[in-house]
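Scope of the values below: all heavy atoms of this structure, side chains included, with no hydrogens, waters or symmetry mates. Counting convention: from 1, in listed order, for ligands and their atoms alike. As the structure is a computational prediction, the values presented were derived from the model and not from experiment.
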Amino acid sequence: METIVIVGGGAGGLELATRLGNQLGRSKRAKIVLIDRAPTHFWKPLLHEVASGTIDPGMHQIEYAAQAADHHFQFVRGEMICLDRFKHTIEVNAYSPQDGCEALLKRHIHYDKLVLALGAVTNFFNVQGAAAHSLTLDTVHQAEFFRKRFIMSCMQASSRRATGELPDPAVNIVIVGGGATGVELAAELCHTVRSLAEYNVHSVEASQAVRIRLLESGERLLPHLNSELSQSAAAHLRRLGVQVCTTTTVVGVDADSVHDSSGRRHDSNITVWVAGVEGQNICTRLGLSLNKAKQILVNNSLQTDLDPHVFAIGDCSSYVCPVRGRAVPPRAQVAHQQALFLARVLGRPGRDTLPHFRYRDYGSLVSIGKFAAVGVLMGAFWRRELLVGGRIARLLYQLLYQKHVLSLHGFSRMAVQMLAHWIRTKVTPPVKLH
Ligand SMILES: Cc1cc2nc3c(=O)[nH]c(=O)nc-3n(C[C@H](O)[C@H](O)[C@H](O)COP(=O)(O)OP(=O)(O)OC[C@H]3O[C@@H](n4cnc5c(N)ncnc54)[C@H](O)[C@@H]3O)c2cc1C
């Protein structure tokens with residue numbers, strides 16, 4: 001029986017494991033193994049909402065072990081540290097829970113076909129001090145860390161107000177990167193500041209005491225959308241009180257400030273870096289061809305160019321679309337389409353030549369707060385861009401996550417989960433308060 005190993009249970013990897021488990025694992029036509037260093041899956045596009053406290057990550061995490069039992073694949077917890085392409089094995093690091101004892105030793109896992117779906121990490125572009133002094137949003141843990149620092153800063157500002165030593169403004173948040181994540185985070189934080197004040201978590205005047213500054217090196221925010229939508233997003237953020245600074249290239253970060261190329265200093269209590277991604281460091285140790293951003297180069301069938309038994313999908317890979325002549329962006333939509341493609345290809349073993357993956361851009365939506373979003377939709381049957389905004393766009397944006405849940409759990413479970421979340425929003429505060 002063939003063994004297909006998938007490393008990384010993110011947006012691409014977990015969907016692929018679920019589909020292959022249902023197609024091949026159930027009938028024992030192949031053994032499907034998913035390896036991830038974490039015990040639970042979380043859909044990364046929701047991370048800015050974790051950072052702003054508008055969702056509780058525990059409510060949206062999926063236990064890999066439970067998903068594996070329901071969908072006929074095997075889950076192995078551990079971090080891949082090595083690949084031996086000649087022996088067809090990968091090495092998984094020893095696993096130690098927090099008390100320090102080694103629960104699982106290093107293990108070697110054999111594969112016939114290997115799919116790397118390792119995701120990506122923040123790219124600091126070698127900017128001085130950026131890695132040391134900025135927070136990132138690559139994991140739930142990092143998003144929670146940001147949220148707690150943010151609430152703490154607001155509470156500290158409150159107590160300094162009582163002693164009369166409050167500077168103006170009291171809390172400076174600098175977000176570096178005016179792409180979708182930066183814009184979404186800035187908008188969500190504005191609502192969080194107000195909600196925290198309503199619940200008396202802090203007593204400073206929200207609009208004056210907290211300054212959120214969004215720095216973007218390009219001429220406009222959201223460069224992947226058209227200029228009309230960029231302007232509309234920037235105008236909306238300014239109305240919420242965010243300072244939007246375009247053509248501002250960050251050249252240095254230190255503990256309490258961010259410096260740009262024109263010599264300007266931006267005071268910062270918390271700097272968040274969301275300006276781009278690169279492949280994980282492990283990619284450089286696999287002996288595969290990489291691009292400049294450490295992403296694994298793949299051919300039209302998503303196979304690595306040096307080894308046809310090793311595939312790579314999602315953010316850890318670089319697939320150059322032959323029609324557009326450039327690499328597809330690191331987005332959940334791409335990881336999903338690549339997982340679907342590989343589920344079809346690997347689900348029907350025994351083919352001599354593999355079909356080619358074709359990426360279809362269905363557009364992009366960016367949330368700009370609780371009740372609004374902007375974006376473009378590309379229809380399956382029409383080729384023109386459809387610009388959307390406001391509440392309809394926000395509803396479509398929320399449906400994107402439900403589509404991901406649907407692909408993992410099926411319709412009835414998705415519907416029950418949606419209902420449970422809706423009820424929860426009616427009985428709990430709109431943001432996490434601690
Ligand atoms: C804050 C934020 C907001 C975003 N918003 C959007 C959006 O609105 N729309 C959109 O399309 N995209 C968005 N994205 C991008 C989207 O989340 C990614 O493109 C998508 O998650 C990529 O999926 P993936 O499967 O390649 O990797 P991931 O989803 O990142 O999953 C990688 C998995 O690999 C595991 N892993 C990594 N290394 C190892 C190892 N060595 N051994 C074992 N396991 C390992 C990790 O634990 C993780 O579970 C956003 C990203 C972020 C961070």
Contact check, side chains of His60 and Trp43, non-hydrogen atoms, under 4.5 Å = no

note = Taken in chain and number order and not counting sequence neighbours, the residues that satisfy side-chain hydrogen bond (donor to acceptor under 3.5 Å, both in side chains) with Asp36 are Tyr64

task = For atom NE2 of His141, decide whether the heavy atoms of other residues, nucleotides or ligands shown that lie under 6.0 angstrom number more than 12.
result = no

inquiry  = Going by the rule ring pair (Phe, Tyr, Trp, His ring centres under 6.0 Å), which residues pair with Phe124 if we only count those two or more places apart in sequence or in a different chain?
reply    = Trp273

task = Could you list the residues that satisfy side-chain hydrogen bond (donor to acceptor under 3.5 Å, both in side chains) with Thr181, not counting sequence neighbours?
result = none

message = So, applying ring-ring contact (aromatic ring centres under 6.0 Å, His included) with Tyr319, which one of Phe341, Phe357, Phe311 is it?
response = Phe357

task = Anything with a heavy atom under 4.0 Å from ligand 1 counts, so go ahead and list those protein residues by chain and number.
result = Val7, Gly8, Gly9, Gly10, Ala11, Gly12, Gly13, Asp36, Arg37, Lys44, Pro45, Leu47, Tyr64, Gly78, Glu79, Met80, Ala117, Leu118, Gly119, Leu137, Thr181, Gln280, Gly314, Asp315, Pro330, Arg331, Ala332, Gln333, Ala335

